[in-house]
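Being a predicted model, the structure only gives us computed values, none of them experimental. Each chain gets a letter, A, B and so on, in the order its sequence line appears, and its residues count up from 1.
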Amino acid sequence: MQDMTPNASADMTPTRLKHRAEFLRAASRGRKVAVHGLVLQALARPDGGPARVGFTVTKKVGNAVIRNRTRRRLKEAARLLLREAPVSGVDLVLIGRDTTRGRPFSALIDDLRRALDKAGVARMEPA
RNA sequence: CCAGACGGCUGGACGACCGCGGUCGGGGGCAACCCCGGCGGAGGAAAGUCCGGGCUCCACGGAAAUACGGUGCCGGCUAACCGCCGGCGGGGGCGACCCCAGGGACAGUGCCACAGAAAACAAACCACCUGAACGGGAAUGCCUUCGGGCCUUCCUCUUCCGGAACGGGUGAAACGGUGCGGUAAAAGCGCACCGCGCUUCUGGUAACAGCGGCGGCAGGGCAAACCCCACCGGGAGCAAGACCGAAUAGGGGCGACCGGCGGCCUUUCCGGCAACGGAUGGGUGACGCGGGGGCAUUUCCGCCCUGUUGCCCGGGUUGGUCGCGCGAGGCGCGCAGCAAUGCGCGUCCCAGAGGAAUGGUCGUCCAGCACGCAAGUGUGGACAGAACCCGGCUUACAGGCCGUCUGGCAGG
RNA sequence: CGGAGCGUAGCGCAGCCUGGUAGCGCAUCAGUCUGGGGGACUGGGGGUCGUGGGUUCGAAUCCCGCCGCUCCGA
């Protein structure tokens with residue numbers, strides 16, 4: 001978040017979404033796509049910097065161990081997918097569901113790819 | 001072998017690829033940072049947050065009392081505890097063993113529904129017994145005018161004096177239980193045993209236990225009802241707290257206090273016609289200097305703030321560093337102790353995040369479960385995730401391992 | 001991290017402090033009034049008192065542990 005300078009665009013590694021206000025902004029004004037393994041909220045940012053990713057797993061899903069496992073699988077799926085197909089200028093919030101934990105990992109990655117596509121994130125890639 | 005009791009340990013293993021955060025070393029880069037390599041990276045409950053401490057800040061002269069809260073058989077352990085260990089007493093179990101907030105009910109207040117005569121000061125009531133009075137009845141005897149009258153005995157309604165606390169369907173509980181004697185009827189009224197109270201002595205640090213003696217029985221239960229007694233407790237919590245940076249208007253209000261020099265106000269004295277000057281004591285707070293602070297550090301210059309301090313109002317700040325892991329520490333051995341635990345020696349350093357790492361995927365194996373005669377096939381890891389630390393408690397937990405002990409059956 | 005409260009019939013609530021009978025409203029069922037509906041009246045059914053222990057003769061009530069939910073402060 002410190003190096004949001006435009007000339008650092010060679011590094012497209014996503015950073016982390018941290019503040020409550022940012023999550024609320026993505027929830028209220030972003031596009032929402034629900035697929036089997038997760039729910040995606042995406043909100044375009046005008047600065048064109050690297051994508052920022054946040055994770056939400058509510059207490060409804062389970063206890064702390066289950067929530068950790070859910071979040072870590074989402075985190076790994078986002079890492080692998082955004083490494084081979086980086087996007088920018090967007091805030092992404094991945095919300096875990098009950099099914100996230102038992103979903104086969106390859107299917108989870110497909111879910112995320114499809115959700116990004118439906119949210120129009122792929123077309124947000126910088127020119 | 002079966003059934004059971006208690007205590008302790010463990011909480012899948014190995015590997016491959018891709019990753020995460022910490023730290024150390026090397027290299028690159030002005031720097032932010034990047035690359036390579038090494039090392040280590042969740043638990044017995046990390047959980048619930050129910051107790052106790054350390055640590056930090058705040059408050060506070062000492063001690064006591066009051067209020068509030070907690071604890072409550074005895075002894076020991078501990079930094080401390082509502083904890084642990086060992087005893088005692090009570091209850092349960094054939095037993096190993098398990099359970100118990102277990103001080104005080106002559107300090108006081110209160111409650112004990114229904115039932116029952118009565119639920120706590122003790123008596124009243126029904127029933128029982130002796131006696132008396134009036135009346136009634138029966139029998140015997142005497143007298144008679146034959147209507148009845150009288151004496152004695154017995155029974156009885158009602159009433160009264162007395163005896164006694166034995167009985168009264170009840171009830172969780174009712175002024176001790178059983179038996180014998182005793183009596184008008186009875187009763188610890190007397191005796192034996194049991195229970196109970198007091199007590200000498202003995203054992204024990206003590207709670208308490210045992211033997212003996214004395215007492216004919218004191219006197220219900222509930223204090224997890226109020227309460228009494230004894231002991232303990234200041235408050236808040238790592239978002240504690242400290243530092244650096246950035247930012248803002250380095251802002252405002254109300255008070256208290258200090259005086260090195262000048263200025264200003266003022267007391268007294270001297271000089272002067274006077275303005276004023278000198279000396280002296282006091283006051284005055286933003287007006288100047290000195291002094292102090294800041295702009296990374298040192299010197300000079302410059303700029304800015306500023307007397308010191310308390311409280312309040314307003315404004316800005318969500319960045320970083322420390323606190324932060326060598327500790328009431330882990331492991332092993334020895335000694336003391338029944339034990340909890342303590343002491344000594346040796347050895348080890350063992351997670352430190354901050355929207356928060358400790359992971360994702362796959363393979364082989366080891367337990368478990370299901371199917372199958374079998375080879376095998378399929379399935380599949382219990383409860384659960386550190387956030388300042390430690391000692392406990394409570395709760396959750398698939399399966400496995402070890403030890404000690406009890407009862408029963410069979411065999412030698 | 002610290003603190004407060006709640007859990008009783010299908011729903012909303014009393015009863016708890018001061019222990020012995022669980023009650024009220026809506027809903028539901030049956031009957032009557034009406035030609036029918038609505039409505040009114042009469043009568044009835046329905047509750048492991050969140051859960052596990054303890055105290056007591058007796059616990060929804062008192063005490064302790066646990067589960068779930070809500071709210072407040074930093």
Can a side chain N or O of Arg72(A) be found less than 4.0 Å away from OP1 or OP2 on U358(B)?
yes

Rounded distance in Å - CG (Leu108(A)) to C1' (U361(B))
12 Å

Can you tell me the pairing partner of G407(B) across any strand shown, Watson-Crick or G-U wobble, with both distances under 3.5 angstrom?
C2(B)

Taking only side-chain N and O atoms of Arg83(A), does any of them lie within less than 4.0 angstrom of OP1 or OP2 on C18(B)?
no

In whole angstrom, give the distance that lies between atom NZ of Lys75(A) and atom P of G359(B).
11 Å

Pairwise P distance, C194(B) and C211(B) [rounded to whole Å]:
11 Å

Nearest to side-chain heavy atoms of Leu80(A), which nucleotide of G355(B), C18(B), G385(B):
C18(B)

Would you kindly compare Glu76(A) and Ala64(A) by the position of their nearest RNA chain B nucleotide and give the one closer to the 5′ end?
Glu76(A)

Take atom C1' in A240(B) and the same atom in C50(B), then report the distance between them in whole Å.
22 Å

Look at all strands and tell whether Asn68(A) reaches a base, only sugar-phosphate, or nothing, counting heavy atoms closer than 4.0 Å.
base

Can you see if the side chain of Arg73(A) gets near the phosphate of U361(B) - specifically, an N or O under 4.0 Å from OP1 or OP2?
yes

Phosphate OP1/OP2 of G359(B): any Arg79(A) side-chain N/O under 4.0 Å
no

What distance, rounded to whole Å, do you find between the two P atoms, one in C401(B) and one in A59(C)?
45 Å

Can any side-chain N or O of Thr100(A) pair as donor or acceptor with the backbone N or O of Gly96(A) at less than 3.5 Å?
no

In whole Å, what separates the P atom of C39(B) from that of C371(B)?
48 Å

What's the gap between U321(B) and U23(B) when it is taken at their P atoms, as a whole Å value?
10 Å

What's the CG-P distance between Leu81(A) and G19(B), to the nearest Å?
15 Å

Starting from P on G359(B), measure out to CZ on Phe55(A) and report it in whole angstrom.
16 Å

Rounded to whole Å, how long is the line connecting atom CZ of Arg69(A) with atom P of G385(B)?
12 Å

Interatomic distance, Leu82(A) CG vs G360(B) P [rounded to whole Å]
19 Å

Starting at atom CZ of Arg101(A), determine the distance to atom P of A384(B), rounded to an integer number of angstrom.
12 Å

